[in-house]
Amino acid sequence: MYNITSNQVIEWAKDFLLKAETELTPDEVKEQKKFASLVQTPEYKTFLTTMLDESSQIRDNSRLNRRVRQIIGKYGIPDFFSRGDRFLIKLYMLGGYLFPSIAMPIFKYKLRRETDKIIISEERPRLTQHLEARRDCNIGQNVNLLGEVVLGDGEARHRYEHYLEALEMPDINYISIKLSGIYAQIKPLAYEQNRRELVEMVAAVYRKAMQNPYTDALGRQSYKFVNLDMEEYKDMELTYDVFIETLSKPEFKDYTAGIVVQAYLPDAESNFRRLLAFAKQRVAEGGAPLKMRLVKGCNLQMESIVSSMKGWECPVLRTKTEVDANYMHILDMALTAENTAALNTGVASHNFFTIAYAHLLCEQNGVTQGVTFEMLEGMANHLPRVMRKLEKNIILYTPVVKAQNFLNAVSYLVRRLDENTGKENFLTHSFNLKLDSGEWNFLRDQFVEAYKLKDSVRTTPFRNQDRNVTSPIQLTFINSI
């Protein structure tokens, strides 16, 4: 029986906001204002992503120089740049453009510096310094080696080897991988072949994680952690099949790994129950627990586009309120002492109300182990410090990229901005959020509506085609006009 009231959650979220305000440093206040300007002004978001995209792809300084002037002329100079940088851009527009060989390298450097707190350089010693700083604050890092869906076997092999190399690094103890990033030939008509080959590849990654244990500051050793990220709906079943089959091998009985569950899918409950049953069976047989990283979603725009093009039902829940409700619905099932003992839970959210609900649920159910609170690196760096003071285990999802692969970082940034800065999304309103402001009241009311819906949210998939059942072919004729 879950008897946490919406008022309890709201009061905890209020207290959390007040604690967060006192934790902000002067530099972080400036960062908050910059993010607020970026996410609340669509033109600025378009400006930044366009500039990053074109500066990464156009190699010729003269051509890039022309495009930069056109983009600035169209969108103006965003105020998320510092006062000094805005002054330099004005000088550039007045005459600096006459020296593209000097202006463009400076412009690229300044532009990429705007993202360096969200996307961490993979070059050493920058990555070493970042990982050490987080470790000193007792904040975990889930390292995400940036890269989108691969287009060929050569690129897939390169990405795969990159993951293996990362697991050999002594200061990296947790990585996320994507099946679509290591295997280029995922095809529905070759499902069994895909599954067999991916099981072998993922098994090799797990072996590498076990062969290169991580040593913490106290000298304790543990296996490195590998998380399977979830992206496209079409690869969902394959990802769970590969995860479960690989971890069913006797050699991985004592190894703990994780996988993502996406709450924006009505399939989330069935996916959770499948993972829980497998995890409980493992633990009952003397094996190590597993982990579910619960997210709200990560591929909304692409799912909408593909569904529209194919004429299929979009697999995603229709409203943000339903997604939040489904997230709490899964937390209700996951955050019990019995279930977290077998299936640990990563509560991945920046939403104060979601965090409050998870925290109170843990307190009510006596859950003291097996739960982490997870956020995005660079989006609100003061919040992990607040959570640490509440004695919570914190992990930051940390995208890293090499300079020559910065185009992948642009793709990641565009997706993150689209996913997290919609009008209904918490992050859009969270920067400079004040108690009892219009933004606070909107987010509070949004939570209350989701809370009311959590026990009745849809849990059956939108796509339910049964290919064993023959249906008559329907032809539609469209008259030419």
Side-chain angles (χ1 to χ4, degrees), residues 2 4-24 28-29 31-42 44-45 262-264 294-298 300 316-332 347-362 373-376 378-387 390 392 394 397 416-457:
Y2 307 108
I4 296 169
T5 68
S6 58
N7 284 336
Q8 286 177 297
V9 174
I10 292 168
E11 289 304 311
W12 195 94
K14 285 181 179 180
D15 186 58
F16 186 75
L17 174 59
L18 295 175
K19 286 185 172 72
E21 287 178 339
T22 63
E23 189 68 29
L24 278 166
E28 287 170 341
V29 171
E31 287 292 316
Q32 293 281 294
K33 290 179 179 178
K34 181 175 74 174
F35 277 123
S37 171
L38 177 60
V39 304
Q40 294 170 9
T41 310
Y44 291 172
K45 182 171 68 172
Q262 295 170 300
Y264 76 170
L294 184 60
V295 305
K296 292 186 179 178
C298 71
L300 176 59
V316 177
L317 289 166
R318 302 309 187 231
T319 68
K320 177 66 166 57
T321 300
E322 290 177 286
V323 175
D324 289 347
N326 201 30
Y327 198 99
M328 287 188 281
H329 176 66
I330 302 300
L331 289 178
D332 281 345
V347 181
S349 178
H350 282 254
N351 190 312
F352 294 177
F353 299 98
T354 300
I355 294 170
Y357 189 76
H359 167 78
L360 293 171
L361 203 56
C362 287
F373 289 81
E374 310 194 4
M375 300 177 184
L376 298 173
M379 283 293 187
N381 285 335
H382 62 300
L383 296 184
R385 296 198 301 272
V386 180
M387 296 299 291
L390 295 173
K392 300 300 180 185
I394 302 298
Y397 190 79
R416 282 291 178 234
L417 288 175
D418 282 341
E419 291 162 7
N420 296 306
T421 59
K423 291 182 179 179
E424 294 185 328
N425 286 30
F426 184 86
L427 273 178
T428 300
H429 306 277
S430 66
F431 304 110
N432 301 321
L433 183 63
K434 300 297 181 184
L435 198 61
D436 296 325
S437 64
E439 289 82 3
W440 171 267
N441 293 336
F442 170 79
L443 295 169
R444 178 202 60 204
D445 294 344
Q446 185 185 62
F447 159 72
V448 171
E449 287 302 310
Y451 178 88
K452 292 176 181 177
L453 188 62
K454 70 182 181 69
D455 295 324
S456 59
V457 69

What residue pairs, at least two apart or across chains, pass salt bridge (Lys or Arg N to Asp or Glu O under 4.0 Å) with a residue in residues 427-436? Glu21-Lys434
Locate the shortest heavy-atom distance separating Arg318 from Val316; write the atom from each residue and the value. NH1-O, 2.6 Å
Once rounded to the nearest 0.5 Å, what's the spacing between atom CG of Leu17 and atom CG of Leu383? 9.5 Å
For the atom pair OG1 (Thr354) and NZ (Lys296), what is the distance rounded to the nearest 0.5 Å? 3.0 Å
Within 45° of the ring axis of Phe16 and under 6.0 Å from its six-membered ring centre, is that where the NZ or CZ of Lys19 lies? no
Hey, could you give me the CG/CZ distance between Asp15 and Phe352, rounded to the nearest 0.5 Å? 11.5 Å
Heavy atoms, side chains only, cut-off 4.5 Å: are Gln8 and Glu11 in contact? no
Looking only at side chains, do Asp332 and Tyr357 share a donor and an acceptor under 3.5 Å apart? yes
Any donor and acceptor pair, going by atom type alone, linking the side chain of Asn381 with main-chain N or O of Gly378 inside 3.5 Å? yes
Interatomic spacing from CD1 in Ile330 to NZ in Lys454 - rounded to 0.5 Å: 11.5 Å
Of all heavy-atom pairs linking Ala325 and Ala450, the shortest is CB-O, 3.3 Å
Is a side-chain N or O of Tyr327 found less than 3.5 angstrom from the main chain of Leu294, in a donor-acceptor match? yes
Report yes if some heavy atom in the side chain of Leu433 is under 4.5 Å from a heavy atom in the side chain of Phe426; otherwise report no. yes
Could you pull out the closest heavy-atom pair between Ala356 and Trp12, with the gap in Å? CB-CE3, 3.2 Å
Are the side chains of Asn351 and Leu443 in contact, using a 4.5 Å heavy-atom criterion? no
When you compare the side chain of Ile355 with that of Lys392, does any pair of heavy atoms fall below 4.5 Å? no
Working to the nearest 0.5 angstrom, can you tell me the gap between Ile4 CD1 and Leu361 CG? 4.5 Å
Those residues at least two apart in sequence (or on a different chain) that pass salt bridge (charged side-chain N to carboxylate O under 4.0 Å, His left out) with Glu449 are Lys452
Answer with yes or no after comparing the ring centroid distance for Phe447 and Trp440 against a 6.0 Å cut-off, counting only values under it. no
Identify the two heavy atoms, one from His382 and one from Glu23, that lie closest to each other, and give their separation to 0.1 Å. O-CG, 3.8 Å
CZ/Phe373 to OG/Ser349 distance, rounded to the nearest 0.5 angstrom? 10.0 Å
Side chains of Ile10 and Phe353, heavy atoms from C-beta outward: is any pair under 4.5 Å? yes
Quick one: closest heavy-atom pair of Asp324 and Gln446, and the distance? OD2-OE1, 4.0 Å
Where do Val386 and Ala20 come nearest, in terms of heavy atoms and distance? CG2-CA, 3.8 Å
The test is side chain to side chain contact (heavy atoms under 4.5 Å, CB included); show your working for Glu374 and Tyr397 and say whether it passes. CA-CA 7 Å; Glu374 310 194 4; Tyr397 190 79; over 6 Å; no
